[in-house]
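Chain letters run A, B, ... following the sequence lines, proteins first, then strands; residues in each count from 1. For the numbers below, each heavy atom of this structure counts, side chains included, while hydrogens, waters and symmetry mates do not. Values in this document were obtained by computation on a predicted structure and should not be read as measured data.
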Amino acid sequence: MLDLGFIRANPQLIREAAHQKGVVLDLERLLALDGERRGLLVQIEGMRAERNRRSQEIPGLKGGGRAQSIRDLRELGAELDSLEPALERVESELEGLLLQVPSPPHPDVPPGFDESANLLVRRWGELPAYDFAPADHLTLGERLGIIDVTRGVRLSGSRQYVLRGDGMLLERAVMNFALDRLLRKGFIPLSVPMLIRPEAMRGTGYFPGGEEQCYAIPRDDLFLIGTAEVPVTAYHAGEILDAADLPLRYAGFSGCFRREAGAAGRDTAGIYRVHQFYKVEQVVITRADPEASEREHELITANAEELLQALELPYRVVVVCAGEMGLGQVKKYDVETWMPSRNAYSETHSASMFYDFQARRLRLRYREAGGEVIHCHTLNNTAAASPRILIPLLEVHQEADGSVRIPVALRPYLDGRASIGP
RNA sequence: GGAAGGGUGGCAGAGCGGGCGAUUGCGGCGGUCUUGAAAACCGCUGGGGGUAUAGCGCCCUCCGUGGGUUCGAAUCCCACCCCUUCCGCCA
């Protein structure tokens, strides 16, 4: 959500942002409603002021004057009753439109509507070369008895899987490894609810629009989170934080659930696109200063890169183009890790910068030293998401004998073992 | 799930139809005093919105949420949510 005053003052900027992000928005309607709302407010508040003033005179009145006043005010009240629904209608329609206003992309963001327009920032690591025929992660996983898609599907349907033995241990190792690296950098670890109220989904920008991607528990009006970003960013919703406590850097751990509606037939091989996974997520809440935001954005991106480097996995970083960004995102880096079976770099991390888009929806604010109350800025990035991260881990580090070498940095999390294998 | 009690400002805690956006205490900020600090004393100290904007100001709204009664609701009524305690159930 953007500031209404800002929208009012910069309609052209908003129109352009909507075009770049491919968002349909009736801005004329929004601006008309804004004017209508203010007109109604002047009228209604004037009437309320009169009612309050004359109501307070009543205790001092006697006899006929008092009866007359009460009659007048009853009439005034009836007039208000007939006017107020109009204001409510205008405000709720305005609110609905306001939720659809996109954040204008940062100047660094390239135009374009699909990933071919993304801008390559940097590449790290040598692509692996094999003197044998490398296997894909599913073949590897089944051969090693650590990934069981067949029974996963039998239990829970498509895009489900079971990690078994060293597969399960590897997942746990990567999660702990990622979490520990963040702890060393001062991130506060958070284990958060995976069932969440719709306000948090709206507050983080997933609703309206993302309902189809989301598992719902209608009986309890709760939703399964698609990422810990939702509960962690909403953790301080409605609060006014102390400026001295910012930035707040959180490492959220949770299971994540995604329906993958509309992705039927896409990425069906293996465990790339699944309905359920675990993730360690970085979430930063900082002061409302674009420079501070951008600094944090680089920081959480660098954190992800350090993790991949420690795991000895080649990756690249791209700036995601405007048309591929979400409504609220101002700038987004995707970190894409090399996946031999896909013969491509594929997204394993996604670092989003929102400025105050989420904070406004969440009423997440802080008090400046001077006493001023300001909406925070928020950001987030993956630290590690499993099982997707297991794909490059298994494929890149596979050996000719079918075993998989464990990168040195991960060995302490696997009982010191240098490889897993037959 | 059942029963009882309760949700008020950063916190504690009054108010239970009319100058109450709210007594008071703590905390915080500013000042007096002091070499400095503490203590003491004095003053200030919620959010959102509208209007006017050079600035002051004026007005509306918010006492868990949503409805209702009333000229007027933090105060009365209804529904819901949440918290605490006890019972039941349970990982």
Distance only, no hydrogens: is a donor on one side chain within 3.5 Å (strictly under) of an acceptor on the other, for A:Q68 and A:R71? yes
Side chain to side chain contact (heavy atoms under 4.5 Å, CB included) against A:A292, all qualifying residues, sequence neighbours excluded: A:T286, A:R287, A:D289, A:R295
Is the shortest distance from a Lys or Arg side-chain nitrogen in [X] or [Y] to a carboxylate oxygen in the other one below 4.0 Å?
{"X": "A:E306", "Y": "A:R184", "value": "no"}
{"X": "A:R51", "Y": "A:E79", "value": "no"}
{"X": "A:R249", "Y": "A:E296", "value": "yes"}

Using atom OH of A:Y366 as one end and atom C1' of B:G10 as the other, report the distance to the nearest whole Å.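 Result: 19 Å.
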Any side-chain hydrogen bond (donor to acceptor under 3.5 Å, both in side chains) involving residues 8-33 of chain A? Give me the pairs, sequence neighbours left out, ordered by first then second residue.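 Checked against side-chain hydrogen bond (donor to acceptor under 3.5 Å, both in side chains) - neighbours excluded - the pairs reaching residues 8-33 of chain A are A:R8-A:D34, A:Q12-A:R15, A:R15-A:E28, A:R29-A:E93.
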Applying the Watson-Crick and G-U criteria (both distances under 3.5 angstrom) with [ ] for crossing and | for other-strand pairs, one obtains for RNA chain B ((((((((.[[[..)..(.....]]]((((((.......))))))((((((.....)))))).[[[[[..)....]]]]])))))))....
pair A:I146-A:L394: side-chain heavy atoms closer than 4.5 Å: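 The answer is yes; the side chains approach within 4.5 Å.
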I want to check one thing: is the phosphate of B:G72, taken as OP1 and OP2, less than 4.0 Å away from some side-chain N or O of A:N52?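 Negative; the distance criterion is not met.
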If you restrict it to nitrogen or oxygen atoms, what contacts under 3.5 Å exist between nucleotides 64-71 of chain B and the protein, and what is each distance?
from, atom 1, to, atom 2, distance (Å)
B:C71, OP1, A:R74, NE, 3.2
B:C71, OP1, A:R74, NH2, 2.6
B:C71, O2', A:S55, OG, 3.0
B:C71, O2, A:S55, OG, 3.3

Letter per nucleotide, 5' to 3', of nucleotides 46-51 of chain B [B base touched, S only sugar-phosphate touched, - untouched; heavy atoms, 4.0 Å]: SSSBSS
In Å, rounded to the nearest 0.5 Å, how long is the span from NE2 of A:H137 to OG of A:S341?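 If I round to the nearest 0.5 Å, the distance is 6.0 Å.
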Go through the structure and list residues passing ring pair (Phe, Tyr, Trp, His ring centres under 6.0 Å) with A:F177, not counting sequence neighbours. A:Y413
